[in-house]
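To start, the structure itself, in structure tokens.
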Amino acid sequence: MKAPLTVVKLGGSLLEDSAQRHRALSALAKAWQRSGKPFVVVHGGGKNVDAMMQKLGLIKKTAGGLRVTDDPTLQVVVSILAGSVNKMLVSELHQLGVTAAGLSGADGNTIEASQHPPIDGIELGHVGFVTGVNTMLIDAILAIGMMPLISSVAIGSDGALFNVNADSVAAAIATELRAERLLFLTDVPGLKDGRGEIIHELQLDEVSHLVGSGAITGGMLPKVQAAVAAMRSGVHGVVIAGPDQHITAMLEGKGGTHLVAA
């Protein structure tokens, strides 16, 4: 029987802020080293993409919390997510004593996708939704004691590249690998209610009310949707939390927002 596996998604501005990123990666490295259990890491990098687009004079457009991705934007997404951000994380984890193998979801058909339909009549371009997960490379990396570090660039059946929401990628991988836990590490300490207070425990049947109240908007919306999808697909526990919270504590049910079955 395989050891219980944890999938960690890194995102938000913590990937752009060096101090936050270091705290999150340090916590991740310690949890991996102390637990002796396998970890698979998925990362985004939207803020890094924003910064490069601004330098290039490209205008950011979103719909439903997803980045509208035309041809020039796709080039930036691939170069930043599968390139500079992925290798920066590999380097920093190495300095913390973790040997990580960086890859994109397109490598080895790890993340297969199809074009995302329009949202509110807005065409999203090269944005995909996950249609399949091939764990061959992930399993091989885990088998030699390394940590897979996967960027959210996916591939279509015809070889086209897609920009896929990293939260959705993390949920799909966690589901396929039958992960015990899925942790979303972001730049906020957890989900907040309408009064701005952290929700420590959120039942699945309460999510739609929270979304309808306007408490969950923007980039947090696809994150929550991915978390719900993972729970309903059999992932035992899902946590949304910030970089300053102890990962080991979160694995024990402490800190952040924990989604629980109704």
Side-chain angles (χ1 to χ4, degrees), residues 4-14 24 40-44 46 62-67 111 113-114 116-120 122 124 127-131 133 152 154 163-245 247 249-262:
L5 182 140
T6 297
V7 175
V8 179
K9 189 269 178 170
L10 299 174
S13 62
L14 69 85
V40 175
V41 181
V42 175
H43 70 83
T62 62
L66 301 177
R67 183 188 304 273
I111 304 298
S114 292
H116 200 293
I119 295 178
D120 296 330
I122 300 174
L124 301 181
V127 174
F129 66 91
V130 179
T131 57
V133 177
S152 56
N163 175 20
V164 180
N165 177 266
D167 298 317
S168 299
V169 170
I173 289 176
T175 297
E176 187 67 25
L177 292 174
R178 298 182 180 180
E180 182 181 44
R181 294 278 181 178
L182 171 58
L183 306 183
F184 291 95
L185 286 187
T186 184
D187 49 0
V188 296
L191 291 176
K192 296 181 180 180
D193 60 21
R195 297 171 296 178
E197 297 180 357
I198 297 296
I199 303 170
H200 298 291
E201 185 175 284
L202 179 63
Q203 293 190 356
L204 291 186
D205 59 2
E206 296 175 335
V207 172
S208 58
H209 172 73
L210 202 61
V211 172
S213 71
I216 300 176
T217 58
M220 190 59 75
L221 183 59
K223 189 184 307 297
V224 172
Q225 292 170 335
V228 170
M231 285 284 291
R232 288 179 174 164
S233 298
V235 177
H236 177 66
V238 178
V239 186
I240 299 173
D244 294 321
Q245 299 179 52
I247 291 178
M250 285 190 283
L251 293 175
E252 297 173 350
K254 305 171 185 175
T257 299
H258 290 250
L259 269 71
V260 297

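Remember, it's a predicted structure, so these values are computed and weren't measured experimentally.
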Check against side-chain contact (heavy atoms from CB on, under 4.5 Å), Leu202 and Val260: CA-CA 6 Å; Leu202 179 63; Val260 297; over 6 Å; no

Residue pair Phe184, Val239: steps toward the side-chain contact (heavy atoms from CB on, under 4.5 Å) verdict: CA-CA 6 Å; Phe184 291 95; Val239 186; over 6 Å; no

Full working for side-chain contact (heavy atoms from CB on, under 4.5 Å) between Leu177 and Val40: CA-CA 10 Å; Leu177 292 174; Val40 175; 4.0 Å; yes

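A donor-acceptor pair under 3.5 Å links the side-chain atoms of Arg67 to the main chain of Gly46, judged by distance alone. A distance-only check finds a donor-acceptor pair linking the side chain of Asn165 to the backbone of Asp167 [under 3.5 Å]. Between the side chain of Thr6 and the backbone N or O of Arg181, no donor-acceptor pair lies under 3.5 Å. Judged by distance alone, the side chain of Glu206 and the main-chain N or O of Gln203 form a donor-acceptor pair under 3.5 Å.
Shown here for Gly256 and Ala241, the closest heavy-atom pair between the two residues is CA-CB, 3.7 Å. Annotation for Ile122 and Ala63: closest pair CD1-CB, 4.0 Å, computed over non-hydrogen atoms. When all heavy atoms of Ser114 and Thr131 are compared, the pair lying nearest together is OG-CG2, 3.5 Å. Considering every non-hydrogen atom in both Thr257 and Ile199, the closest pair reads OG1-O, 2.5 Å. Of all non-hydrogen atoms in Pro117 and Leu124, the two that sit nearest each other are O-CD1, 3.7 Å. Gly44 and Lys9 make their closest contact through N-CE, 4.3 Å (heavy atoms, listed as atom of the first residue, atom of the second, distance).
To the nearest 0.5 angstrom, Ser152 atom OG is 9.5 Å from Ile173 atom CD1. Here His236 contributes atom NE2 and Glu180 contributes atom CD; the two are 6.0 Å apart, rounded to the nearest 0.5 Å.
Within the 4.5 Å cutoff, the side chain of Val224 has heavy atoms near those of the Leu191 side chain. Here the side chains of Ile111 and Val130 are in contact, with some heavy-atom distance below 4.5 Å. Phe129 is not listed as a side-chain neighbour of Val164, based on a closest heavy-atom distance of 4.5 Å or more.
With Val7 as the fixed residue, the side-chain contact (heavy atoms from CB on, under 4.5 Å) test singles out one of Leu182, Leu183, Val235, Thr175: Leu182. Under the side-chain contact (heavy atoms from CB on, under 4.5 Å) rule, Ile119 has a single partner from Thr62, Val127, Leu66, which is Leu66.
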